[in-house]
Amino acid sequence: IETTNILKSNNTLKSTVVGIYPDYGNSFPQIMINLDRFEQYYLNIYPSNFAIDIKKGKFNEVSELIQKKYANLDIDIINQATIKEFSKDVFDKTFAVTRSLSEAMIIIATLTLLTSLFSLSEIRVINLSPLWALGITRTTLLKIEFEYYKN
């Protein structure tokens, strides 16, 4: 990444992208840079966003401390862990709905298959009734059927 506008003197800031990470709840493409390096290269620009890595379980404590210290500023503190957890819950619920829909489709397909088989059996009864009237038993018809499909 190279940038030359708004840099101190004629310095050129050259950096290597070392990773691309998902930022849950943030749709803006952003580049993170160390604050010291930012101040070293950029002229009279105040960073408007900060990312702070906070130990698990310490968010409320750190959030209250920041709000007390910078009470006169309009501060928007976002707990990424909460957003990530919410996103995971939505993801899990989506799969639960998908599973339920799959199960419903299996039930509907089974009922459709049974209805088709029932309809075919009614047609088959009509076709076999003359043979039964001639005295051919169901067992004999079944043996004939098996012999037919066996060959």
| field | Heavy-atom closest pair, residues Phe59 and Ile54 | value | N-CG2, 3.9 Å
Kindly indicate whether the side chain of [X], heavy atoms from C-beta on, has any atom under 4.5 Å from the side chain of [Y].
{"X": "Trp132", "Y": "Val125", "answer": "yes"}
{"X": "Glu85", "Y": "Asp89", "answer": "yes"}
{"X": "Lys143", "Y": "Thr139", "answer": "yes"}
{"X": "Phe118", "Y": "Leu114", "answer": "no"}

Report the distance from atom [atom1] of [X] to atom [atom2] of [Y], rounding to the nearest 0.5 Å.
{"X": "Ser87", "Y": "Gln80", "atom1": "OG", "atom2": "CD", "result": "9.5 Å"}
{"X": "Ile136", "Y": "Ile144", "atom1": "CD1", "atom2": "CD1", "result": "5.5 Å"}
{"X": "Leu120", "Y": "Thr115", "atom1": "CG", "atom2": "OG1", "result": "11.0 Å"}
{"X": "Glu103", "Y": "Thr98", "atom1": "CD", "atom2": "OG1", "result": "11.0 Å"}
{"X": "Thr112", "Y": "Leu117", "atom1": "OG1", "atom2": "CG", "result": "11.0 Å"}
{"X": "Ser129", "Y": "Leu134", "atom1": "OG", "atom2": "CG", "result": "10.5 Å"}

| Flag, side chain of Ser63 to backbone of Asn60, donor-acceptor distance under 3.5 Å | no
| said: Would you say that more than 12 heavy atoms from the other residues, nucleotides or ligands in this model lie under 6.0 Å from the CZ of Arg124, or not? | reply: no
